[in-house]
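In what follows, chains carry the letters A, B, and so on, assigned in the order in which the sequence lines appear, proteins first and then strands, with residues in each chain numbered from 1. Every value quoted in this text rests on a predicted model; they were computed, and no experiment measured them.
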Protein chains: 2
Amino acid sequence: MEQRIDRIKKQLHSQSYKLTPQREATVRVLLEHEDDHLSAEDVYMLVKEKYPEIGLATVYRTLELLTELKVVDKINFGDGVSRYDLRQEGAAHFHHHLVCLECGSVDEIQEDLLDDVEKEVETRWNFEIKDHRLTFHGICHRCK
Amino acid sequence: MEQRIDRIKKQLHSQSYKLTPQREATVRVLLEHEDDHLSAEDVYMLVKEKYPEIGLATVYRTLELLTELKVVDKINFGDGVSRYDLRQEGAAHFHHHLVCLECGSVDEIQEDLLDDVEKEVETRWNFEIKDHRLTFHGICHRCK
DNA sequence: CTGTCAAATGATAATGATTATCATGATAAT
DNA sequence: ATTATCATGATAATCATTATCATTTGACAG
Ligand SMILES: [Mn+2]
Ligand SMILES: [Mn+2]
Ligand SMILES: [Zn+2]
Ligand SMILES: [Zn+2]
């Protein structure tokens with residue numbers, strides 16, 4: 001945890017941003033909810049527990065900044081809000097999601113699985129892949 | 001074109017919906033822009049050219065209805081709007097997209113490519129896949 | 001034909017997430 | 001200490017989408 005925050009701090013400094021107390025509190029909330037898919041409002045409410053004087057705008061700004069630095073990925077599951085998902089450190093690509101149509105749960109697949117598909121796309125469509133988004137919609141193991 | 005509209009008409013009737021003039025005008029616009037990825041506002045402006053008295057709410061309602069019937073797919077590329085994409089008739093799964101980070105273009109991949117990956121996900125994660133969304137972000141063939 | 005009724009429409013208000021603005025506060029270098 | 005820059009918080013503005021409601025349409029029964 002602390003080492004992770006330290007690395008994010010360095011990453012911020014390398015772009016001449018500071019790790020302010022508000023930003024640190026926000027990052028801590030994200031780390032403590034690594035498996036969840038929190039909206040900005042969700043993050044705001046959780047950060048307020050430790051840092052009640054923080055403003056909603058600051059949370060939005062911090063999430064935007066972390067997205068820029070590729071610490072988190074901004075993702076949209078089709079309900080009306082953006083959700084922020086901590087990226088695996090050092091992962092080349094964003095991980096995949098399993099969205100259950102029954103219970104609404106969102107599970108993660110950390111393995112890439114797309115190597116072959118991406119090779120094919122790169123050659124046949126002459127497209128240089130930088131990243132991807134893959135979501136499966138269906139019935140989760142709990143609902144079956 | 002006419003046959004396609006006829007099949008959509010039957011699909012509507014089978015759920016006891018009618019193909020009103022407004023709905024038909026909207027469907028025609030979608031068919032005429034099959035390769036584009038139009039927002040509700042885009043569709044509204046295009047429909048107005050043929051049917052100026054249509055209201056924006058009706059366009060939203062029609063797009064919602066067509067999404068329900070799986071005639072179109074609602075998709076979100078991360079700019080603030082939903083876009084509506086005509087589905088290939090009879091396709092089991094939604095097609096894939098190539099989004100260029102340089103020029104913003106969105107190209108389509110109609111081939112499935114995911115058969116093997118889906119088999120693996122179904123068995124290893126015990127998840128019954130109904131549909132998917134796959135988007136690649138990178139540099140398109142024109143920008144290279 | 002008419003009258004009836006549910007479905008559909010269009011104008012517009014309301015909502016809700018996100019962004020912009022701006023005065024104030026913190027920080028670090030000079 | 002002074003100044004300059006960055007960051008923050010309150011709040012207003014924006015903008016896509018949804019809800020509301022009075023009116024219209026079209027299928028159907030008599
Ligand atoms: Mn995730
Ligand atoms: Mn498409
Ligand atoms: Zn489930
Ligand atoms: Zn391009």
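- Going from atom NZ of Lys48(B) over to atom P of dT9(C) covers 15 Å, rounded to whole Å.
- Rounded to an integer number of Å, the gap from CD of Glu53(A) to P of dT11(D) is 16 Å.
- Under 4.0 Å is where a charged nitrogen must lie from a carboxylate oxygen, and between Asp85(A) and Lys74(A) no such pair does.
- Applying the 4.0 Å criterion to OP1 and OP2 of dT9(C), one finds that Thr20(B) has a side-chain N or O inside that range.
- Taking a cutoff of 4.0 Å between a charged side-chain nitrogen and a carboxylate oxygen, Arg28(B) and Glu2(B) qualify as a salt bridge.
- A 3.5 Å limit on both hydrogen-bonding distances identifies dA1(D) as the Watson-Crick or G-U partner of dT30(C).
- No side-chain N or O of Gln22(B) forms a donor-acceptor pair with one of Glu24(B) less than 3.5 Å apart.
- For the pair Leu65(B) CG and dA7(C) P, the computed distance is 14 Å after rounding to whole Å.
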Practice task
Determine, stepwise, if the pair Asp6(A) / Lys10(A) fulfils salt bridge (Lys or Arg N to Asp or Glu O under 4.0 Å).
Solution key: CA-CA 6 Å; Asp6(A) 238 48; Lys10(A) 286 199 182 74; 3.7 Å; yes
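- If you take CZ of Arg23(A) and C1' of dG9(D), they are 14 Å apart, rounded to a whole angstrom.
- Between His132(A) and His96(A), the angle of the ring planes lies from 30° to 60°, which puts this pair in the tilted group.
- Between the NE2 atom of His13(A) and the C1' atom of dT27(C) there is a distance of 12 Å, rounded to whole Å.
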For nucleotides 14-20 of chain C, tabulate all protein N/O to nucleotide N/O atom pairs closer than 3.5 Å, reporting atom names and distance.
unit_1: dT18(C); atom_1: OP1; unit_2: Ser82(A); atom_2: N; d: 2.9
unit_1: dT18(C); atom_1: OP1; unit_2: Ser82(A); atom_2: OG; d: 3.3
unit_1: dT18(C); atom_1: OP2; unit_2: Tyr60(A); atom_2: OH; d: 2.6
unit_1: dT18(C); atom_1: O5'; unit_2: Tyr60(A); atom_2: OH; d: 3.4

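- Here Tyr84(A) and His37(A) keep their ring centres 6.0 angstrom or further from each other.
- In this structure, CD1 of Ile54(B) is placed 14 Å from C1' of dA11(C), rounded to the nearest angstrom.
- Counting to the nearest Å, the P atom of dT24(D) and the OH atom of Tyr51(B) are 14 Å from each other.
- Remark: Gln22(B) is in phosphate contact with dG10(C), judged by side-chain N or O atoms under 4.0 Å from OP1 or OP2.
- When each of Val47(B), Val71(B), Ile8(B), Leu63(B) is tested with Leu30(B) by the rule side-chain contact (heavy atoms from CB on, under 4.5 Å), just one qualifies, namely Leu63(B).
- Spacing between atom CD of Gln15(A) and atom P of dT5(D) amounts to 20 Å, rounded to whole angstrom units.
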